[in-house]
2 protein chains.
Amino acid sequence: MRKADKVTVDVISQKAGVSTATVSRVLNDSPLVHPKTKRKVLRIVQELNYVPNALARNLSLNRTDTIGAILPWVASGFYSELLRGVDDVARAAGYHIILGICHDREQGPELALKYIREQRTDGLIILDPVLDEPILDEIRRQNVPFVLIDRTVPSQHVNTIMIDDFNGARNMTRHLIEEGYQNILFITGDLQSYDARERLRGYQEAIEESQLAQKKELVIESNFTREDVVPKIAKYVEKNLLPDAIFCSNDEMALGVYRYLLENDYKIPDDVALAGFDGIDTIDFLGITTAKIPMHDLGAAAARLLVDQLVKGRSGGDTPALQPQKVMLQTELLIRKSTLNPKKAAKLVENGPIQTKLVGEKRREPLL
Amino acid sequence: MRKADKVTVDVISQKAGVSTATVSRVLNDSPLVHPKTKRKVLRIVQELNYVPNALARNLSLNRTDTIGAILPWVASGFYSELLRGVDDVARAAGYHIILGICHDREQGPELALKYIREQRTDGLIILDPVLDEPILDEIRRQNVPFVLIDRTVPSQHVNTIMIDDFNGARNMTRHLIEEGYQNILFITGDLQSYDARERLRGYQEAIEESQLAQKKELVIESNFTREDVVPKIAKYVEKNLLPDAIFCSNDEMALGVYRYLLENDYKIPDDVALAGFDGIDTIDFLGITTAKIPMHDLGAAAARLLVDQLVKGRSGGDTPALQPQKVMLQTELLIRKSTLNPKKAAKLVENGPIQTKLVGEKRREPLL
DNA sequence: TTGAAAGCGCTAACAC
DNA sequence: GTGTTAGCGCTTTCAA
């Protein structure tokens, strides 16, 4: 665009025969401008197809109308739901989303800090399970509102949206136990991350309360990825007996295990039951039991919290800041064919109707 | 952050005993500044943990270092791959991504124009199969570089990354024909969109060259969604015979059909073959044949093209603009169990080895 | 090599 | 109600 034909407040003000201040007032719906002037200005604005330069406006107002979303890129499809949630409420509140994809562990915090320091964003939504305290302190020191997703911070005033990983995993394990499985292999995610630890805890709790033996060899550690889990489950099965059931800390790993089992002619759930965690689409199609995380809600809740902060912050100069909140979202246990114990079912049929509730696409033909 | 402790070029320049111009030069690696001064300034910058305000910088430079990515949100997981591709190359070139999710048909163009007019982005990547000419003209008139994905514009100088939908669909259809299927039902996407039309054309072309009869009732129109396709395929099957094979214009619809078939006890591929288009993960796990679109490459190529434009544009003031390019990416035919004709296979076993190449996870146990 | 000063395009005190 | 003017924080001529 030629410099000449760039239309700015100045151009408008001249054409309208008013000052730039008045133009600005009109544009910002100030009440103290004469209707007639307003109309005239608006007409010119229309005519010249004028749109204020966001950069200049923001510099002046010292804000960006932008929210940074810092996310890891594992299981990309999974997080896109979350992003959609964030976008929905952010856009409704007039905020834009700037994407901060951290490709590996180190980049997340770096990116977050960069955005803040450069003042590119008014606030941040951070999903990074391994963010450590020092970094968090550094972020806090910048005095920019932010919301953490699925990550607790001990005793600190931080807005957080949590997933009840503990209960999710406990309920899943209880379900497996109820189905009559006794040797339940649990595959953890990277234990550096909060959610991995919580899910493990949930599993252990359920085992304990059931009086089943806590066998140490029934927990193996992986890292939430499909690739990593396959050799590990292979090695496990070679060394030990096949467990009754395998509970993977996330669906990605469940997919890896699923593939392994099929390739080795193990039938699910006849030879071994399988459960995941997350609720991704593929798992649904394969008829695998999982604990669904409400990703959209997660994003929406985070954005809601952040937007509230931002709006509060910009209205009343010195209104008391909002109390930091912790929101906890529950997972939904989606029971499917992969964990329905055929032996138990057979027995139940003799004795009466099957009690286990099938959730979701109920009447679908089992796929396995 | 208190106004007082906000550190700006001014603060730095004072502490360093130089002018703001010099500080700016140091920050921008200008060669004409004495090494000693430079060192001093950098030390202060370090000490005060100074990071330039992007807003101010950008206003001054009249750019944003930001690329807008306008995408629809259908099949979210699918597009996230693309976004990743865009992000990879954009970030490497120092650009940020601002997300423009258009939730419905109308919002895409609107959003694109808004970003441009507000000068929030230096350039745009637009994936919107139904963008019409007038809007496109309007965008072009803004004189902001942009790249279109999977959308041709007749005889116009526009950067475009295309998918070879035509060949992809033709190859798929040929494959089905080779497998001995004769009644191949084709389910189109929304024919308003370019890719839907191209895929249909590919199908028709393959049918024609094979001398099979072009039966009009073998094409039904849907809209690329899982929900829409189910009643349509149901109605079709009730009215007509079950076709030999069903070729869906995208994987989402293939999933819908898959579910329908299973629920009605049709075996794949024994009763009917099934093929999709896109190459999403779920389809892989279900063992359904598809034509894989290289989403990551698509995004990366688009970003590459755009970044080249931007860099060119900002270096040489008046260097000749880059020629608009059209890049065409090929799909990859992933043949899986769902389209391998059991009858043909049986025959082949009598006569020799099976010739059809299995692509991908070759030795996997068929899932169906 | 460096500094002074004029913008970039908009907003907001303050004065009229 | 409206205009003047001084910023917002940085870059970049132009002069020295």
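All of these numbers come straight from a predicted model, not from anything done at the bench.
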Got a donor-acceptor contact below 3.5 angstrom from the A/K38 side chain to the A/R25 backbone? no
Any donor-acceptor N/O pair, A/T121 side chain to A/L124 backbone, under 3.5 Å: no
Can you identify which nucleotide, out of [options], has its nearest atom closest to the [X] side chain?
{"X": "B/T22", "options": "C/dG3, C/dC14, C/dT11", "answer": "C/dG3"}
{"X": "A/S19", "options": "C/dC10, D/dT4, D/dT11", "answer": "D/dT4"}
{"X": "B/S60", "options": "C/dT11, C/dG9, C/dG7", "answer": "C/dG7"}
{"X": "A/L61", "options": "C/dC10, C/dT11, D/dG9", "answer": "C/dT11"}
{"X": "B/L32", "options": "C/dG9, C/dT1, D/dG9", "answer": "C/dT1"}

Salt-bridged, [X] to [Y], with N to O below 4.0 Å?
{"X": "A/D308", "Y": "A/K312", "answer": "no"}
{"X": "A/R140", "Y": "A/D137", "answer": "yes"}
{"X": "A/R84", "Y": "A/E81", "answer": "no"}

[X] [atom1] to [N] [atom2], straight-line distance once rounded to whole Å:
{"X": "A/K38", "N": "D/dT2", "atom1": "NZ", "atom2": "C1'", "answer": "15 Å"}
{"X": "A/Q14", "N": "D/dG3", "atom1": "CD", "atom2": "P", "answer": "12 Å"}
{"X": "B/I12", "N": "D/dG9", "atom1": "CD1", "atom2": "P", "answer": "13 Å"}
{"X": "B/D10", "N": "C/dG3", "atom1": "CG", "atom2": "C1'", "answer": "13 Å"}
{"X": "B/R63", "N": "D/dC10", "atom1": "CZ", "atom2": "P", "answer": "15 Å"}
{"X": "A/H34", "N": "D/dT2", "atom1": "NE2", "atom2": "C1'", "answer": "12 Å"}
{"X": "B/L27", "N": "D/dT11", "atom1": "CG", "atom2": "P", "answer": "6 Å"}
{"X": "B/N62", "N": "D/dT11", "atom1": "CG", "atom2": "P", "answer": "14 Å"}

If you pin B/L59 and B/A21 to their nearest nucleotides in DNA chain C, which one's is more 5'? B/A21
Of B/R25 and A/R25, the one whose closest nucleotide on DNA chain C sits nearer the 5' end is B/R25
Using a heavy-atom cut-off of under 4.0 Å over every strand shown, decide if [X] touches base, sugar-phosphate, or nothing.
{"X": "B/T8", "answer": "sugar-phosphate"}
{"X": "B/V18", "answer": "sugar-phosphate"}
{"X": "A/N58", "answer": "nothing"}

Can you tell me if B/N58 and B/T64 form a side-chain donor-acceptor pair at under 3.5 Å?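 Looking only at side-chain atoms, B/T64 and B/N58 do not form any donor-acceptor pair under 3.5 Å.
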Would you indicate, yes or no, if D/dG9 has its OP1 or OP2 atom less than 4.0 angstrom from a side-chain nitrogen or oxygen of B/Y50?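 No, B/Y50 has no side-chain N/O under 4.0 Å of OP1/OP2 on D/dG9.
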Side-chain N or O of A/R57 closer than 4.0 Å to phosphate OP1/OP2 of C/dT11: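 True: A/R57 side-chain N/O within range (under 4.0 Å) of C/dT11 OP1/OP2.
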Hey, is the side chain of A/T37 pairing donor to acceptor with the base of D/dG1 inside 3.5 Å?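 Answer no: no donor N or O sits under 3.5 Å from an acceptor.
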Donor-acceptor pair under 3.5 Å: do we get one between A/T20's side chain and the base of D/dG3?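 By the distance-only test, no, there is no pair.
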